[in-house]
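Input: a single structure, listed below in structure tokens.
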Amino acid sequence: EKLSHFGKTQSNDIKYCTKPIKKGAESSCFDKKLEYPISSEDCDLLEKNSLKFNTQSCPSDPSLTCLSVDHQSLIGAGTYGLVVRGRSKTVHFPLAIKFMKLPTKLGTVSFNTVGRYNRIDLQSLIENKGNEKGLREAVALRLITEYEIPSIPKYVAYIETSSYKILAMELLEDYEELSKIIDKLSSKDLIYISCQTAAIVCNLDRIGISHDDMHERNILINRKNNNKVNLIDFGGANFIEKQQKHFTSTNNFLKQPINLLGHLKRIIKEDLGDYIQSQEKKQHGYFCSMMEKIITSKNDEEKEAIPYYYRILFEKYWKFSQTNKKIFKCALTK
Ligand SMILES: Nc1ncnc2c1ncn2[C@@H]1O[C@H](COP(=O)(O)OP(=O)(O)OP(=O)(O)O)[C@@H](O)[C@H]1O
């Protein structure tokens, strides 16, 4: 059993420091940025939510317990916080648990009830644009999971303690960031990846969520499974109010991810990309509505009513279908 339940490993197991602090000095250093102490209050709340993950002694004070950041546990690190591997007995899949350090202790934390959000207050999120990255992501993932939108990690739990915002979600295994592999991919791969990305964006659109941070680092690819795409990092997500629900998110797919769109434009030629991009600027969401139209059109006459550029894109390059739950999917073409 690799995952001890808050059990400590020996501090000499810590391998995340490679460079000594001072020139010539033996390395006994540690990276303060990777030190995430877990208090007994944190422990209690995590335990109540059945969340398990590895811990170790804190490098700066071995009497304290910290998140384990060895190569088995650590998934990602950044200014936002740390993503580590975990488990929960409430779900059958492994977890990615994101720990976001709070800028200050309590007081500045709004929406804090008893650590867990049972009720989602969409209105306050809309008004509080940008200030609540962790909560915003939790709400987005929870809605996405409830609506069973595929290709996005499933929401498992969101907790706030006095030190952290903690988001537990499905772990995507065997995925690589598109930014790291984009130059190795063939035209066919890139067409299929962009098609799946567009389908995910339009699926989100149907439920009124826009990702709004669609760079290549947030698009994960499983090369072992037909270049299957998953979208992560909903910290910048926006919730579109019902009245203005009419498709606003697509514009972020047609502006971003810049590198992927650049490749795509070179591949599909015929000025298709430029034309569709400029249409989207004039009328946000036009792209998703055309996608819906091509799928629901029953005969040639209805198909011909769809503007030429979209028809070419959908007939020649991106083959969409829709499941009975109205989820857009991309066909893997030979
Ligand atoms: N569910 C997941 N499964 C697998 N890996 C994940 C998952 N979520 C995040 N990661 C990995 O952890 C890293 C950080 O996650 P994420 O991008 O969500 O954080 P962030 O705070 O938005 O970081 P930034 O915006 O600086 O990229 C990602 O680059 C990704 O590789």
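In listed order, ligands and their atoms are each counted from 1.
Of all the listed residues (E177, R217, H215), E177 holds the heavy atom that lies closest to atom 29 (O) of ligand 1.
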Report, one line per pair, each donor and acceptor closer than 3.5 Å where one atom sits in a side chain of residues 301-315; sequence neighbours left out.
from	atom 1	to	atom 2	distance (Å)
E302	OE1	K298	N	3.0
R311	NE	K303	O	3.4
R311	NE	I306	O	3.0

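Checked by distance only, ligand 1 and D233 come closer than 3.5 Å through their nitrogen or oxygen atoms. Residue-to-ligand polar distances keep E137 apart from ligand 1: every N/O pair is separated by 3.5 Å or more. On a distance-only criterion, V83 and ligand 1 share no N/O pair closer than 3.5 Å.
Distances below 4.0 Å separate heavy atoms of M169 from the following atoms of ligand 1: 1 (N), 8 (N). Numbered from 1 in the order shown, with element, the atoms of ligand 1 that lie under 4.0 Å from a heavy atom of K133 read 21 (O), 22 (O). Proximity to L171 (heavy-atom distance under 4.0 Å) selects the following atoms of ligand 1: 3 (N), 4 (C). Under a 4.0 Å criterion applied to the non-hydrogen atoms of I75, ligand 1 contributes the atoms 5 (N), 6 (C), 11 (C).
For I75, the side chain to side chain contact (heavy atoms under 4.5 Å, CB included) partners two or more places apart in sequence, or in a different chain, are V83, R85, A96, L171.
Checking D212 against N238 by side-chain atom types alone, a donor-acceptor pair falls below 3.5 Å. N230 and Y175 are linked by a side-chain donor-acceptor pair at a separation below 3.5 angstrom, with hydrogens and angles left out of the test. Side chains of E41 and S162: a donor on one and an acceptor on the other come within 3.5 Å.
In summary, E146 and R142 engage in a salt bridge, as defined by a charged side-chain N under 4.0 Å from a carboxylate O.
Residue-ligand proximity: K98 is placed with a non-hydrogen atom under 4.0 Å from ligand 1.
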